[in-house]
Protein chains: 2
Amino acid sequence: MATGRTHRPATRSRGIPEATVARLPLYLRALTALSERSVPTVSSEELAAAAGVNSAKLRKDFSYLGSYGTRGVGYDVEYLVYQISRELGLTQDWPVVIVGIGNLGAALANYGGFASRGFRVAALIDADPAMAGKPVAGIPVQHTDELEAIIRDNGVSIGVIATPAGAAQQVCDRLVAAGVTSILNFAPTVLTVPDGVDVRKVDLSIELQILAFHEQRKAGEEAAAEVTAAQAVGTAQTAVAAGREGSATDQGPDGDVPAVMPA
Amino acid sequence: MATGRTHRPATRSRGIPEATVARLPLYLRALTALSERSVPTVSSEELAAAAGVNSAKLRKDFSYLGSYGTRGVGYDVEYLVYQISRELGLTQDWPVVIVGIGNLGAALANYGGFASRGFRVAALIDADPAMAGKPVAGIPVQHTDELEAIIRDNGVSIGVIATPAGAAQQVCDRLVAAGVTSILNFAPTVLTVPDGVDVRKVDLSIELQILAFHEQRKAGEEAAAEVTAAQAVGTAQTAVAAGREGSATDQGPDGDVPAVMPA
DNA sequence: ATGTCTTTGTGAACGCGTGCACAAAGATTG
DNA sequence: CAATCTTTGTGCACGCGTTCACAAAGACAT
């Protein structure tokens with residue numbers, strides 16, 4: 001007592017670090033695969049390898065959930081699947097709405113990974129009247145006007161935004177006002193939400209840019225290595241600068257990119 | 001000297017922290033928007049608000065790039081756009097291939113954010129012969145057989161995998177063998193790659209599961225609060241346990257989820 | 001029952017990232 | 001030119017996350 005209540009613990013929910021929570025789905029997937037192969041138990045070493053993480057990290061992660069392993073043996077696969085599912089809240093059904101049924105929205109609607117893990121697509125919503133009634137992934141698209149009613153009637157608390165950037169904030173506001181408290185945002189915009197609402201962002205463009213950075217660095221290091229090998233005592237800087245001239249500024253960047261297009 | 005060369009600095013490239021690199025695209029987007037509105041300068045405070053970060057963090061981030069600001073004034077928008085673009089390697093053209101042209105692949109191909117930032121979709125590749133020649137986003141889809149030739153002919157170093165999970169590792173291996181050194185993976189699998197190859201993963205299902213966790217926690221706290229208010233001295237645990245019974249284990253989780261379907 | 005061997009769970013050290021708070025720098029005004 | 005005011009750049013402290021390394025726990029064999 002007298003511990004929490006400080007307005008928002010956020011980062012450290014109940015004692016489970018955020019970083020650990022982010023890895024639980026990873027473990028769950030690996031465990032599910034093992035379960036299908038009817039493997040009864042796994043060691044932290046094996047499971048860590050399957051999930052692509054360090055075994056010590058995995059053990060510490062699990063230690064936050066409790067002591068579910070048996071020393072000398074490992075972890076019971078089925079039991080662990082259940083424990084993690086429960087911890088993540090996947091033992092209950094989560095109705096989800098997807099707003100913005102363009103290519104990406106359609107891809108999400110068809111995504112098998114949703115239904116399999118306790119998520120159920122309750123509705124597809126789009127602002128285009130021409131889309132209304134059109135079935136996508138077996139579900140008829142509904143018009144934005146219905147948004148509030150849909151949220152309330154289905155008790156939806158998780159919303160996915162796949163609209164163009166321009167519409168995202170507006171859609172977000174309506175979702176929140178209607179009672180949604182968790183949002184997965186695919187539009188390239190910073191969403192402003194009231195306290196108590198969680199937002200996670202997935203930005204395709206950003207991921208690519210990060211890759212480009214490392215890619216450039218690799219190329220730069222190679223060039224630098226060549227220069228070094230060539231005994232160049234001058235400013236190795238030139239090797240990098242020589243790469244290209246280019247003018248990113250004046251070639252007209254489109255800035256507020258239209259998210260992922262609607263059809 | 002005698003500093004680097006330790007096999008792989010990875011986390012801290014040249015002195016720019018990984019966390020900073022991940023935010024640069026964010027700043028770039030905000031700056032581009034300002035540039036379009038012909039705003040000449042911004043303060044760290046304003047820009048930080050637009051990017052949704054702390055202003056001190058932003059200033060520290062920029063300090064890694066150099067001293068590009070003017071005290072008492074702020075940052076020159078155009079200049080900063082150029083500097084960040086250059087640092088991220090966006091002043092050069094990055095040919096990219098997308099493998100797996102299902103709904104998601106198509107969405108990516110149509111994504112405006114790519115072309116606008118130095119990325120150019122060099123080719124769309126799919127294993128389905130029926131897709132071959134079919135234009136998606138104005139680009140004809142090519143068969144997987146052509147993969148190696150495409151990579152080499154276009155000098156592609158960045159590949160995007162949007163195939164089902166089962167095909168991902170195989171595609172990955174071929175991409176890497178053909179010369180790709182950066183991969184953006186949308187398939188729900190852990191990819192194994194040789195040293196020197198960067199992989200970034202985007203997993204829609206995982207993001208949702210993380211949201212579900214926090215959502216459950218919110219619900220649990222509300223319930224706990226109610227219990228506390230009701231002066232229940234017994235085990236508050238029951239409030240949480242009462243939520244639902246459910247059996248995630250035996251309702252047949254599909255484990256190795258087929259990524260994002262191929263049409 | 002005792003010993004050996006495997007594997008967990010965790011204490012402790014370390015490093016990275018974040019945010020505060022302030023001094024230095026420069027613009028601006030009188 | 002001097003004073004004031006704004007805003008940057010950064011030293012510093014703190015906390016989270018990662019990793020090592022090992023003691024405790026339990027299975028298994030003899």
Side-chain angles (χ1 to χ4, degrees), chain A residues 3-4 6-24 26-27 31 34 39-77 79-80 83-84 87 210, chain B residues 3-4 6-24 26-27 31 34 39-77 79-80 83-84 87 210:
Chain A
T3 36
T6 47
H7 181 264
R8 207 181 50 154
T11 38
R12 191 79 156 275
S13 322
R14 198 246 336 266
I16 302 184
E18 189 60 28
T20 295
V21 172
R23 280 188 296 268
L24 290 182
L26 219 59
Y27 302 145
L31 283 165
L34 291 171
V39 177
T41 60
V42 264
S43 67
S44 62
E45 204 70 50
E46 292 169 321
L47 185 55
V53 303
N54 184 294
S55 70
K57 191 187 295 185
L58 179 144
R59 286 198 299 276
K60 180 145 291 191
D61 282 343
F62 285 174
S63 78
Y64 291 118
L65 309 184
S67 290
Y68 295 144
T70 306
R71 299 176 189 226
V73 178
Y75 300 91
D76 182 280
V77 173
Y79 186 58
L80 202 47
Q83 289 299 340
I84 295 180
E87 196 67 51
I210 296 173
Chain B
T3 38
T6 48
H7 184 262
R8 206 182 51 155
T11 39
R12 191 81 154 273
S13 323
R14 197 250 330 272
I16 302 184
E18 189 60 28
T20 295
V21 172
R23 280 188 295 268
L24 290 182
L26 221 58
Y27 302 145
L31 283 165
L34 290 173
V39 178
T41 61
V42 263
S43 68
S44 62
E45 203 70 50
E46 292 169 321
L47 186 54
V53 302
N54 184 296
S55 70
K57 192 187 296 184
L58 179 143
R59 287 198 298 276
K60 182 149 293 192
D61 283 341
F62 285 174
S63 78
Y64 292 117
L65 308 184
S67 290
Y68 295 145
T70 305
R71 300 176 189 226
V73 177
Y75 299 91
D76 182 279
V77 174
Y79 186 57
L80 202 47
Q83 289 299 341
I84 294 180
E87 196 67 51
I210 296 173

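So you know, we letter chains A, B, ... as the sequences are listed, proteins then strands, and number each from 1.
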So, using side-chain contact (heavy atoms from CB on, under 4.5 Å) as the criterion, who are the partners of [X] when residues are at least two apart?
{"X": "A56(B)", "result": "N54(B), R59(B)"}
{"X": "A50(A)", "result": "A30(A)"}
{"X": "Y79(A)", "result": "Y68(A), D76(A), Q83(A)"}
{"X": "A49(B)", "result": "none"}

Heavy-atom distance under 4.5 Å between the side chains of [X] and [Y], does that happen here?
{"X": "L34(B)", "Y": "L47(B)", "result": "yes"}
{"X": "E18(A)", "Y": "I210(B)", "result": "yes"}
{"X": "L80(B)", "Y": "V42(B)", "result": "no"}

What is the distance, to the nearest angstrom, from the CD atom on E18(A) to the P atom on dC16(D)?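 To the nearest whole Å, that distance equals 12 Å.
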Expected rows: protein N/O vs nucleotides 3-5 of chain C N/O, under 3.5 Å:
none

Minimum heavy-atom separation for T41(B) to V39(B), with atom names?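 Shortest heavy-atom contact: O-CG1, 3.4 Å.
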Report the residue (R59(B) or R59(A)) whose heavy-atom-nearest nucleotide on DNA chain D is the more 5′ of the two. R59(B)
Any side-chain N or O of N54(A) under 4.0 Å from OP1/OP2 of dC20(D)?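 Yes, within the criterion.
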Atom pairs, protein N/O to nucleotides 11-14 of chain C N/O, distance under 3.5 Å:
unit_1, atom_1, unit_2, atom_2, d
dG11(C), O6, K60(A), NZ, 3.3
dA12(C), N6, K60(A), NZ, 3.1

Strictly below 4.0 Å, heavy-atom distances to any atom of DNA chain C: list the hits from residues 65-76 of chain B, or just say none. R71(B), V73(B)
What are the residues of residues 39-50 of chain A, sorted by number, that bring a heavy atom to within less than 4.0 Å of DNA chain C?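 Nucleic-acid contacts, sorted: S43(A), S44(A).
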Applying side-chain hydrogen bond (donor to acceptor under 3.5 Å, both in side chains), can you list everything that pairs with S43(B), at least two apart in sequence or on another chain?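 Once residues adjacent in sequence are excluded, the partners of S43(B) under the side-chain hydrogen bond (donor to acceptor under 3.5 Å, both in side chains) criterion are E46(B).
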Per R23(B) side chain, nearest of listed nucleotides dT18(C), dT10(C), dT19(D):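 Selected nucleotide: dT18(C).
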Qualifying residues under ring-ring contact (aromatic ring centres under 6.0 Å, His included), relative to F62(A), sequence neighbours excluded: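 Scan of F62(A) (ring-ring contact (aromatic ring centres under 6.0 Å, His included), adjacent residues dropped) gives Y27(A), Y75(A).
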